[in-house]
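Below is one structure, written out as structure tokens; the observations come after it.
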Amino acid sequence: MVKIQDDLFEAVNAEWLANTEIPSDRPRIAAFDELVISNEQTLMHDFATIKQFDIPVMNEFAKFYKKAGDFIERFEFGVTPVQPEIDKLLAIENFADWAKQIPDLILNSQLPVPFSLSVDTDMKDAVHYALTFSGPGLILPDTTYYDPSHPRKAELLAFYADNTIAIMQEFGYSKAEATKHVENIIEFDALVAQYANTSEEWAKYAELYQPVSIEAFTSMITTLPVSDVIKTLIGKLPDKVIVYEKRIYDNFNHIINEANFERIKSWMLVKLLRSATHYLSDELRILGSEFSRKLSGTAQARSQEKHAYDLATDQFSQAVGLYYGQKYFGESAKADVKRMTTEMISVYQERLRQNDWLSRETIDKAIQKLDAMTVFIGYPDKLPEIYEQFTVSHDSIYSHVARFNIVRTHRHYEKFNEPVDKTEWHMPAHMVNAYFSPDSNTIVFPAAILQKPFYSENDQTPSQNYGGIGAVIAHEISHAFDNNGARFDEFGNMNNWWLDEDFKAFEAKQALMIAEFDGLELAGAKVNGQLVVSENIADAGGLTAAMTAALRESDADLKAFFIQWGEIWRIKASQEYQQMLLSMDVHAPGKLRANIQASNLDEFFDTFEIKEGDGMWRNPADRVKIW
């Protein structure tokens, strides 16, 4: 029997690890996933029994949900709903014609283009939007998979090729035609992969802000009429474009040009057909998801019923979240979580006042940022206006999704000429998650995560709640002071409010956190300390602040607190999935999150009388403390 003194994660989760199986239609099972599955069952039951909803758009959702699960109708429609898009692509005869059509392709079709001009909050002017540039996504999970030495590269690309050929044959292409298109897309993908951002670069999102004047941007890109594209999308030329993928931008003319036109067309066609399978017959949607299951080690496709639920709730996500929040999230729980959040912010302020490695000037500005932090709990007060256009007719499910996507796309580019809405939620309330938004200095806790084992108003003690949702709340607060969030001020602007010597001290502490995780082995792969440092800083600060708050309670119980912390990170996953996450996920594996962060706190050793020689022992000098 494993003892907490040797392995917190294994000890507190022993029974769960022994008796829990990974569902066949998922690559993992974790505390988060158990809530997802429970919510899924609850909502599927509701949607099967409710005849009329109080939220008007939910009645359109109900029609769409029924249509999504009508696989007889989907079979009868066949692949014909996608044919207009295929014909549109086939009608493009040359590169010049394609270049002229790009604005229409972006705004009014489901055909992808191999670059992105997007509208995002301007990191340095957070009340306004900026136009941003990035490259296309890759076939494989991230750039590390393209290294010739990667053990899965050849296997995955071969599987992708065979799977794509099989999909294209279902659309009526001969094997020879399909093979040529697949060769083209793999060649084009390999070209892009040379210049794409690494996962580590994406993780340092504050460093991705690379503004380029509109004059320089439009002069640099010579193979497309990019000025015309931009003016069509947002109605004018902006002063600048924020380049997120510098190497793609620098090599744009080498990637997007007449010589590569046939590869680009194949890339667009294959991407279209693969994405369309999700909305067609049952045979095609199962075939179309084979590659993602191969990547993650998932045994089976989702059932028809679960697939229909996924598809419908994805399209109407905020509406479903509002329904969920209003029905299942009580005002009493909201008030209690709000109290805990206020307490955690207070703890942070006190810890900052007692900080011994920052100057008073920087401390005061950090407290000022905390004072300005906005907290959203439960669910938003309003729905996006676009849902008013989400009406359901007799068309195919594919045609509905295409129409909804066009509505979203037009709305996306319209926002450029409006002020940023800082009350907008970026997660629906039925999602089991939480987030910090640096450009609005806001923390958001959707209703769905406010359940056991993270939180229970009646079935968990305050110490348990602090070890669960308390640590999650403080984790999100801590993101305001991680390696990315620390670069943003109280208004959400990227602005250096640190004294130079203080930020150097902070970087030195970051280096310790990076070293603490870097190279640790799990599932036959190694942790990249640079990739996971932001989440680890947030975990460390969150656990420390939550513990401090728990100790203020009259019935404080640190044993219960740390056990709860260990339990919320319980997870079992396929080896393929774990290895994929180690290459691209900014979060450390659950076991390491549970064990390493606990072993950084002196109170953990005192609580469980952990001694040198125990598996959880960490020398006091090696315990990393930041916030």
Side-chain angles (χ1 to χ4, degrees), residues 24-25 40-53 55-90 108-112 163-164 166-173 269-293 298 300-320 323 386-409 430:
S24 61
D25 60 356
E40 177 184 283
Q41 292 169 344
T42 297
L43 288 173
M44 287 176 72
H45 175 267
D46 285 1
F47 299 153
T49 56
I50 294 174
K51 304 300 182 186
Q52 187 74 20
F53 290 88
I55 303 170
V57 71
M58 285 298 291
N59 293 307
E60 294 302 311
F61 162 82
K63 296 176 194 175
F64 185 85
Y65 184 27
K66 181 179 180 181
K67 180 175 281 289
D70 187 346
F71 282 89
I72 294 176
E73 180 183 80
R74 288 168 68 158
F75 175 79
E76 290 172 345
F77 271 112
V79 299
T80 56
V82 193
Q83 196 60 47
E85 303 282 5
I86 298 172
D87 293 342
K88 191 171 191 174
L89 178 61
L90 294 179
N108 301 310
S109 85
Q110 301 309 294
L111 286 162
N163 179 237
T164 302
I167 289 169
M168 296 191 76
Q169 288 179 299
E170 291 295 320
F171 279 86
Y173 290 87
L269 177 64
V270 170
K271 290 278 188 178
L272 171 71
L273 300 188
R274 290 191 66 91
S275 65
T277 59
H278 198 55
Y279 313 108
L280 303 175
S281 70
D282 197 43
E283 180 184 2
L284 263 173
R285 69 103 185 171
I286 292 173
L287 186 62
S289 62
E290 277 187 356
F291 181 63
S292 64
R293 297 200 304 277
T298 303
Q300 293 181 345
R302 298 276 275 170
S303 68
Q304 291 185 358
E305 295 77 14
K306 290 178 181 178
H307 165 79
Y309 169 86
D310 292 343
L311 200 163
T313 54
D314 179 56
Q315 292 297 318
F316 288 80
S317 61
Q318 291 289 359
V320 172
Y323 165 82
I386 59 168
Y387 282 128
E388 295 172 6
Q389 301 178 61
F390 282 22
T391 55
V392 180
S393 67
H394 297 295
D395 289 342
S396 69
I397 199 74
Y398 176 85
S399 299
H400 279 84
V401 172
R403 178 159 53 84
F404 295 168
N405 286 343
I406 289 171
V407 170
R408 288 191 184 94
T409 300
H430 66 290

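One is the number of the first residue; the rest follow in order along the sequence.
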*Quick one: are T313 and Y65 in side-chain contact, heavy atoms under 4.5 Å?*
no
*Is E60 reaching over with its side chain to a backbone N or O of T391, donor-acceptor style, under 3.5 angstrom?*
no
*Tell me, do I397 and R74 make a side-chain contact under 4.5 Å, heavy atoms counted?*
yes
*According to the interplanar angle, ranging from 0 to 90°, do the rings of F64 and H400 count as parallel (below 30°), tilted (30 to 60°) or perpendicular (above 60°)?*
perpendicular
*In chain order, what residues pass the ring-ring contact (aromatic ring centres under 6.0 Å, His included) check against F75, with sequence neighbours excluded?*
none
_Flag side-chain contact, heavy atom, 4.5 Å: R293 against I286_ = yes
*Quick one: CD on E283 to CG on L287, what's the gap to the nearest 0.5 Å?*
7.0 Å
*Quick one: are K271 and L111 in side-chain contact, heavy atoms under 4.5 Å?*
no
*Scan residues 386-405 for pairs that pass salt bridge (charged side-chain N to carboxylate O under 4.0 Å, His left out), counting only residues two or more places apart or in two chains.*
none
*Are any non-hydrogen side-chain atoms of F61 and F47 less than 4.5 angstrom apart?*
yes
*Answer whether the closest heavy-atom distance between the side chains of Y173 and L273 falls below 4.5 Å.*
yes
_So that I know where these two stand, are F316 and Y323 an aromatic pair - ring centroids less than 6.0 Å apart?_
no
*Is there a donor-acceptor pair under 3.5 Å between the side chain of Q300 and the backbone N or O of S24?*
no
_Within 6.0 Å of NZ in K88, more than 12 heavy atoms from elsewhere_ = yes
